[in-house]
Trainee: 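Supplied in structure tokens, the structure appears directly below.
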Amino acid sequence: LHPREDGAFIVSFALTWKTKQAFGFALDDTNREQALKLLHDKLLENIKIKKIIQHAKFELRWSMNIGRTILNIADTMLMHWHVDERNRTHGLDKLALDYTDMGFYSSDLEQYKATHREADPDKDYLDPKTGEKIPGSYANIPMEILLPYNCMDTDAAFRIYHKLLPLLNEKQLWIHDN
């Protein structure tokens with residue numbers, strides 16, 4: 001979850017183009033560089049294609065960490081801030097509860113992290129070989145849990161965008177886009 005940490009790398013991503021459909025990609029050392037280059041060249045840096053992202057600042061950090069960027073972004077977190085700036089939370093889990101029928105979609109992931117310290121980026125675990133403290137990582141989550149979660153994250157952001165867009169006035173849209 002921290003792109004600038006030594007050894008940090010992207011393990012998966014997901015794309016969607018319509019509600020209730022998404023496609024997840026697992027990345028490993030054999031395909032990561034080529035997949036991320038293709039993703040940026042064909043999609044993320046294509047100004048003609050709108051990218052709907054929850055918390056774009058986070059995703060931009062990852063792209064900048066590999067020397068790339070993302071163009072033409074709609075950030076659902078910022079859109080929600082315009083709609084309800086007094087709300088203390090603009091996180092995807094909360095927005096999914098409020099604006100979609102996808103509430104608690106991350107429960108499988110959270111349950112796995114709760115029972116596997118090595119999978120939780122907010123916790124350390126002891127390396128069984130060296131006894132050294134190591135931060136947890138999403139790289140330690142099985143793809144059969146991580147990819148469906150990625151896809152649901154993507155679907156939730158897509159749905160939330162379409163719920164929030166009509167709630168923004170012209171000035172808010174201009175501020176968001178500029």
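What's counted below: heavy atoms across the whole structure, side chains too, no hydrogens, waters or symmetry copies.
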Trainee: For D93, check salt bridge (Lys or Arg N to Asp or Glu O under 4.0 Å) against everything at least two apart and list the hits.
Mentor: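 Not a single residue meets the salt bridge (Lys or Arg N to Asp or Glu O under 4.0 Å) criterion with D93.
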Trainee: Please enumerate all residues that pass side-chain contact (heavy atoms from CB on, under 4.5 Å) together with T115, with sequence neighbours excluded.
Mentor: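 Checked T115 against side-chain contact (heavy atoms from CB on, under 4.5 Å); zero matches.
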Trainee: If we count only N and O atoms by modelled type, under 3.5 Å, do the side chains of N150 and S12 hold a donor and an acceptor together?
Mentor: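 Yes, S12 and N150 have a side-chain donor paired with an acceptor closer than 3.5 Å.
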Trainee: Who passes ring-ring contact (aromatic ring centres under 6.0 Å, His included) against F9, sequence neighbours left out?
Mentor: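 ring-ring contact (aromatic ring centres under 6.0 Å, His included) list for F9, sorted by chain: empty.
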Trainee: Under the 4.5 Å side-chain heavy-atom rule for ILVMFWY, direct or indirect, which residues accompany I175?
Mentor: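 In the cluster with I175 are W174.
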Trainee: Who pairs with D122 by salt bridge (Lys or Arg N to Asp or Glu O under 4.0 Å), at least two apart in sequence or on another chain?
Mentor: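 By the salt bridge (Lys or Arg N to Asp or Glu O under 4.0 Å) rule, D122 matches no residue at all.
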Trainee: Return all side-chain donor-acceptor pairs below 3.5 angstrom for residues 135-145, not counting sequence neighbours, or 'none' if the list is empty.
Mentor:
{"from": "S137", "atom 1": "OG", "to": "A139", "atom 2": "N", "distance (Å)": "3.0"}
{"from": "Y138", "atom 1": "OH", "to": "K113", "atom 2": "NZ", "distance (Å)": "3.2"}
{"from": "N140", "atom 1": "ND2", "to": "E118", "atom 2": "O", "distance (Å)": "2.7"}

Trainee: Not counting sequence neighbours, which residues clear side-chain contact (heavy atoms from CB on, under 4.5 Å) with M152? List them please.
Mentor: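 side-chain contact (heavy atoms from CB on, under 4.5 Å) check on M152 returns M102, Y105, P148.
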Trainee: Who are the ring-ring contact (aromatic ring centres under 6.0 Å, His included) partners of H116, not counting sequence neighbours?
Mentor: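 By the ring-ring contact (aromatic ring centres under 6.0 Å, His included) rule, H116 matches Y112.
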Trainee: Once rounded to the nearest 0.5 Å, what's the spacing between atom CG of N46 and atom CG of L71?
Mentor: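 Here the rounded value is 8.5 Å.
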Trainee: To the nearest 0.5 angstrom, please state how far the OG1 atom of T76 sits from the CG atom of L92.
Mentor: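 One gets 6.0 Å once the value is rounded to the nearest 0.5 Å.
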Trainee: For residues 19-35, which residue pairs pass the side chain to side chain donor-acceptor pair (under 3.5 Å) check, not counting sequence neighbours?
Mentor: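 Checked against side chain to side chain donor-acceptor pair (under 3.5 Å) - neighbours excluded - the pairs reaching residues 19-35 are W17-Q21, D28-T30, D29-R32.
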Trainee: Hey, what do you get for NZ (K123) to CZ (R117), rounding to the nearest 0.5 Å?
Mentor: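 If we round to the nearest 0.5 Å, K123:NZ and R117:CZ are 5.5 Å apart.
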Trainee: Apart from Y125 itself, which Ile, Leu, Val, Met, Phe, Trp or Tyr residues share its cluster (side-chain heavy atoms under 4.5 Å, direct or through members)?
Mentor: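 Other cluster members: I134.
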Trainee: Considering residues at least two apart in sequence or located in another chain, which fulfil the side-chain contact (heavy atoms from CB on, under 4.5 Å) criterion with K163?
Mentor: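 K163 satisfies side-chain contact (heavy atoms from CB on, under 4.5 Å) with Y99 only.
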Trainee: Would you please name every residue forming a side-chain contact (heavy atoms from CB on, under 4.5 Å) with L78, sequence neighbours left out?
Mentor: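 Checked L78 against side-chain contact (heavy atoms from CB on, under 4.5 Å); matches are D75, H176.
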Trainee: Do K51 and L44 come close enough that some side-chain heavy atom pair is under 4.5 Å?
Mentor: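 Touching, per the 4.5 Å side-chain cut-off.
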